[in-house]
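Okay, structure first, notes after.
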Amino acid sequence: MKPIDILTGWSAYNTMLLTNWSATREGVKHLPLQLYEREKILEACLSVFARYGYKNTSTEMLAEAAGISKALIFHHFTSKKKLYLSLLEHCFEKVRTVVRFDVFSEQEDFFNTIDRLSRIKLAYFRKHPDELKLVHEAFYSPPNELKADIEEKYGQAIAEKNQSMERLFEAVPLREGVDRKQAFELIMITLKHFENKFSAAFTDTGALDDEAANGLFDEMNRFYSMIRHGIAE
């Protein structure tokens with residue numbers, strides 16, 4: 001190869017490196033903006049889904065709430081369904097960082113643990129009521145077209161949560177003849193019942209004051225007292 005060819009090749013190689021570096025830098029520079037836009041869209045769409053539910057929410061309503069075009073909604077999420085699932089994941093991860101089972105000791109009274117967990121969760125959702133409405137719809141009355149996706153995505157996480165609760169329940173002494181699995185199932189049915197009552201209170205009034213919240217907690221603990229001590233003479 002002639003010297004001029006070597007120099008020309010080296011120059012082309014340097015140009016290629018500089019072009020790739022510039023493109024990479026541009027990509028990194030714009031990534032935070034894209035993430036920021038995505039977060040803004042999620043927060044704007046949360047209130048719409050929370051108010052109208054998945055079925056009654058249109059992409060036009062979401063675009064209007066976010067102040068963007070439908071095309072940009074589809075650019076970020078490709079469909080209403082994927083936007084909803086992305087928002088659900090966003091909310092689910094936030095809740096999971098607040099409600100953690102690893103901070104509870106197996107030596108702690110099981111029913112006190114339920115009370116504490118419920119109060120922590122309620123305190124969070126009182127600050128973020130729209131997240132409660134979305135999560136409640138997704139897990140307690142999921143839209144038909146989303147059931148399979150939600151089960152596939154969160155079925156394992158929910159099962160692990162229940163297993164953590166069941167491990168804590170192992171420390172509870174039971175009367176002779178009481179089936180532990182059936183007793184635990186009854187407790188979880190009761191817990192779900194009160195989670196629904198808390199959610200319904202939010203849905204009906206849009207808020208839940210201290211007096212109403214404490215009244216529900218008192219009622220829940222009376223139910224658990226009946227389970228714990230029995231109802232017959």
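We use all heavy atoms of the structure for the numbers below, so side chains are in, but hydrogens, waters and symmetry mates are not.
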About how many Å separate [atom2] of [Y] and [atom1] of [X], when rounded to the nearest 0.5 Å?
| X | Y | atom1 | atom2 | answer |
| --- | --- | --- | --- | --- |
| R126 | D210 | CZ | CG | 4.5 Å |
| S225 | N221 | OG | CG | 8.5 Å |
| E166 | L168 | CD | CG | 10.5 Å |
| L83 | L87 | CG | CG | 6.5 Å |
| E185 | N162 | CD | CG | 11.0 Å |
| L191 | L186 | CG | CG | 11.5 Å |

Check the pair M220, K197 against side chain to side chain contact (heavy atoms under 4.5 Å, CB included), reporting the backbone distance first and the verdict last. CA-CA 10 Å; M220 181 183 76; K197 291 194 76 167; over 6 Å; no

S199 to H136 - nearest heavy-atom pair and separation: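 Minimum heavy-atom contact is OG-CD2, 3.0 Å.
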
Identify the two heavy atoms, one from F125 and one from E131, that lie closest to each other, and give their separation to 0.1 Å.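 Result for this residue pair: CE2-C, 4.0 Å.
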
Within the side chain of [X], is there an N or O that forms a donor-acceptor pair under 3.5 Å with the backbone of [Y]?
| X | Y | answer |
| --- | --- | --- |
| R180 | F169 | yes |
| K161 | Q156 | no |
| K80 | Y54 | yes |
| E137 | A50 | no |

State whether the number of non-hydrogen atoms from other residues, nucleotides or ligands found under 6.0 Å of [X] atom [atom1] is greater than 12.
| X | atom1 | answer |
| --- | --- | --- |
| R119 | CZ | yes |
| I189 | CD1 | yes |
| E170 | CD | yes |
| E93 | CD | yes |
| K82 | NZ | no |
| Y52 | OH | no |
| E219 | CD | yes |
| E160 | CD | yes |

Pairing donors with acceptors under 3.5 angstrom, does anything connect the side chains of E43 and H90?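 Looking only at side-chain atoms, H90 and E43 do form a donor-acceptor pair, the distance falling under 3.5 Å.
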
Can you tell if the side chain of [X] reaches within under 4.5 Å of the side chain of [Y], non-hydrogen atoms only?
| X | Y | result |
| --- | --- | --- |
| L132 | Y124 | no |
| N56 | M61 | no |
| S86 | H76 | no |
| F77 | I41 | yes |

Please test L42 against E39 for side chain to side chain contact (heavy atoms under 4.5 Å, CB included), starting from the C-alpha separation and ending with a verdict. CA-CA 5 Å; L42 287 174; E39 290 293 312; 4.2 Å; yes

Ring center gap for F194 and F223 short of 6.0 angstrom: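 Yes - the distance between ring centres of F194 and F223 falls below the 6.0 Å cut-off.
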
Compute the ring centroids of Y224 and F110, then answer whether they are less than 6.0 Å apart.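 No, the ring centres sit 6.0 Å or more apart.
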
Using a strict 4.0 Å threshold on nitrogen-to-oxygen distance, state whether [X] and [Y] make a salt bridge.
| X | Y | answer |
| --- | --- | --- |
| D149 | K81 | yes |
| D109 | R228 | yes |
| R222 | D218 | no |
| K121 | E195 | yes |

With the 4.5 Å side-chain cut-off for hydrophobic clustering, are Y84 and F74 part of the same group?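 No, no single cluster joins them.
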
Set out, in order, the CA-CA distance, both residues' side-chain angles and the distance that settles side chain to side chain contact (heavy atoms under 4.5 Å, CB included) for I158 and F139, then state yes or no. CA-CA 10 Å; I158 293 171; F139 293 113; 3.8 Å; yes

Applying side chain to side chain contact (heavy atoms under 4.5 Å, CB included), run through I114 and M165 and close with a yes or a no. CA-CA 9 Å; I114 290 180; M165 291 283 286; 3.8 Å; yes

